[in-house]
**Student:** 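Pasting in a structure now, in structure tokens, and then I'll have a few things to ask.
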Amino acid sequence: MSLYCGTAVRRKFFWCYRLLSTYVTKTRYLFELKEDDDACKKAQQTGAFYLFHNLAPLLQKSEHQYLAPQYSLLASLQKAEMETALQGSFIKLTKALFELNVKDASLLSTAQALLRWHDTHQFCSRSGQPTKKNVSGSKRVCPSNNIIYYPQVAPVVITLVSDGTRCLLVRQSSFPKGMYSALAGFCDIVIGESLEETVRREIAEEVGLEVDRLHYSASQHWPFPNSTLMIACHATVKPGQTELQVNLKELEAAAWFSRDEVATVLRRNNLSNQQQSGAVPFWLPPKLAIAHQLIKEWVEKPTCSPLPA
């Protein structure tokens, strides 16, 4: 069983950050590490690494949180030996993500996405020959024709629909029991769909509503299912056109919730225990997810200025 070593942070980075004064300088230094194999090899000598096995990071459990330790370069060990020596376990990121701190969650998500991309893009789509990655893993090159391949992400819109006083929350069968979230769907890039068109289509397909206005909120890289760029939007429908026609092929349930109902759930702590006891009728994605931020934004800023749809 092979062990993967995903570079996430380097001690040298932090040392350089203290000396470099501008974002531009920092960015150009990181660009150099991505593009210059010699510079990257030199940085790796004093680097710190997250460890992965079959795309699962090595984590340590601490009370109600997972810790993601960083290591210097290590000798090759079997999986069980590595877990014993480092007092941790290789845990699926889907299980641990919401119990990590923000910095580790972000870096581990990026590292896993990069490792997965390398696993699934080892051959050139034109020649069929094996491709080779550069030292930093920022690209792969086909030696036979010099085609360069870069990691890609799939654009996904995630939209919180409102009628002015209520928001629409939905759940899929794959969601944890009791969790509701915002509507989400992949952009159809084959037909050249814009983000605005995707929002309108997804809402029409899944709940049978027509969008009156929409505006962009924020974006977030998301490692699941295969590295996506989540593009968060708010959409409103006309108050008199709110009857739901739920597409049961896509959703398990959808319902309107008042601002007070959603605010109450947002304020609750220890949702999992309350859910199990039946004290909470539904719960929302954890704070790390952009869906949570989108819902929180709607509760706190009910009058956002819309952009043209």
Side-chain angles (χ1 to χ4, degrees), residues 3-18 20 23 26-27 30 33 43-44 46-74 82-83 85-116 137 151 153 156 158 175-176 179 181-182 217-230 232 265-275 283-297 299-300:
L3 275 168
Y4 294 94
C5 191
T7 305
V9 249
R10 300 178 178 89
R11 295 190 185 101
K12 185 173 180 179
F13 282 9
F14 293 113
W15 177 78
C16 289
Y17 283 174
R18 287 194 290 270
L20 304 178
Y23 176 78
K26 297 173 191 176
T27 301
L30 294 177
L33 293 183
Q44 286 179 343
T46 54
F49 301 86
Y50 290 135
L51 301 183
F52 284 79
H53 177 268
N54 289 344
L55 301 181
L58 182 75
L59 302 175
Q60 296 171 343
K61 185 67 174 177
S62 174
E63 295 183 353
H64 302 298
Q65 188 178 28
Y66 283 107
L67 303 178
Q70 299 158 19
Y71 304 96
S72 299
L73 291 176
L74 298 165
M82 184 72 76
E83 290 179 322
L86 300 177
Q87 299 181 333
S89 301
F90 289 98
I91 300 171
K92 288 185 179 179
L93 194 57
T94 50
K95 176 182 177 181
L97 187 65
F98 295 124
E99 296 183 55
L100 290 162
N101 64 50
V102 173
K103 185 199 77 172
D104 285 335
S106 176
L107 289 170
L108 287 173
S109 295
T110 300
Q112 190 205 60
L114 187 60
L115 289 171
R116 182 190 291 112
V153 297
V156 173
I158 181 163
F175 285 4
M179 191 187 86
S181 185
S217 175
S219 64
Q220 177 187 45
H221 170 260
W222 194 242
F224 316 114
N226 293 301
S227 191
T228 58
L229 176 63
M230 305 297 290
V265 174
L266 282 173
R267 286 194 297 266
R268 292 186 186 273
N269 296 320
N270 198 12
L271 287 177
S272 59
N273 289 342
Q274 294 189 46
Q275 175 201 349
W283 58 286
L284 302 171
K287 291 181 180 180
L288 184 64
I290 199 169
H292 181 101
Q293 300 305 318
L294 197 60
I295 295 166
K296 185 171 182 285
E297 187 177 59
V299 169
E300 296 178 349

**Student:** Quick one: closest heavy-atom pair of F90 and A56, and the distance?
**Tutor:**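 F90 and A56 have their closest heavy atoms at CD2-O, 3.2 Å.
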
**Student:** Decide yes or no for P285 and M179: does some side-chain heavy atom of the first lie under 4.5 Å from some side-chain heavy atom of the second?
**Tutor:**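 When only atoms from C-beta onward are counted, M179 and P285 do touch, with a gap below 4.5 Å.
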
**Student:** Looking at W283 and P176, what are the two nearest heavy atoms and their distance?
**Tutor:**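 So the minimum-distance heavy-atom pair works out to CZ2-CB, 3.6 Å.
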
**Student:** Side chains of residues 108-115: which donor-acceptor partners sit under 3.5 Å, not counting sequence neighbours?
**Tutor:**
residue : atom : partner : partner atom : Å
S109    : OG   : A105    : O            : 2.7
T110    : OG1  : S106    : O            : 3.1
Q112    : OE1  : R116    : NH2          : 3.0
Q112    : NE2  : L55     : O            : 3.1

**Student:** Could you check if a side-chain atom of E99 sits within less than 4.5 angstrom of a side-chain atom of K61, using non-hydrogen atoms only?
**Tutor:**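 The answer is yes, as the side chains (C-beta and beyond) meet within the 4.5 Å cut-off.
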
**Student:** Just wondering, do I290 and W222 contact through their side chains at under 4.5 Å, heavy atoms?
**Tutor:**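 Answer no - side chains too far apart.
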
**Student:** Answer yes or no: is there a donor N or O on one side and an acceptor on the other, between the side chain of Q220 and the main chain of A289, under 3.5 Å?
**Tutor:**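 The answer is no, because no donor-acceptor pair under 3.5 Å joins these two groups.
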
**Student:** Using the side chain to side chain contact (heavy atoms under 4.5 Å, CB included) rule, take H53 and L58 through it: C-alpha gap first, then chi angles, then the decisive distance, then the call.
**Tutor:** CA-CA 8 Å; H53 177 268; L58 182 75; over 6 Å; no

**Student:** State which residues pass side-chain contact (heavy atoms from CB on, under 4.5 Å) with A96; sequence neighbours excluded, sorted by chain then number.
**Tutor:**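 So A96 forms a side-chain contact (heavy atoms from CB on, under 4.5 Å) with L59, Y66, I91.
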
**Student:** Could you give the distance from CD (Q70) to OH (Y50), rounded to the nearest 0.5 Å?
**Tutor:**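 Those atoms lie 4.5 Å apart.
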
**Student:** Please examine the side chains of L100 and L288, heavy atoms only from C-beta on, and report whether any two atoms are closer than 4.5 Å.
**Tutor:**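 When only atoms from C-beta onward are counted, L100 and L288 do not touch, as no gap falls below 4.5 Å.
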
**Student:** Could you walk me through whether I295 and V265 pass the side chain to side chain contact (heavy atoms under 4.5 Å, CB included) check?
**Tutor:** CA-CA 11 Å; I295 295 166; V265 174; over 6 Å; no

**Student:** N101 side chain to K103 main-chain N or O, any donor-acceptor pair under 3.5 Å?
**Tutor:**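 Confirmed, N101 side chain pairs with K103 backbone.
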
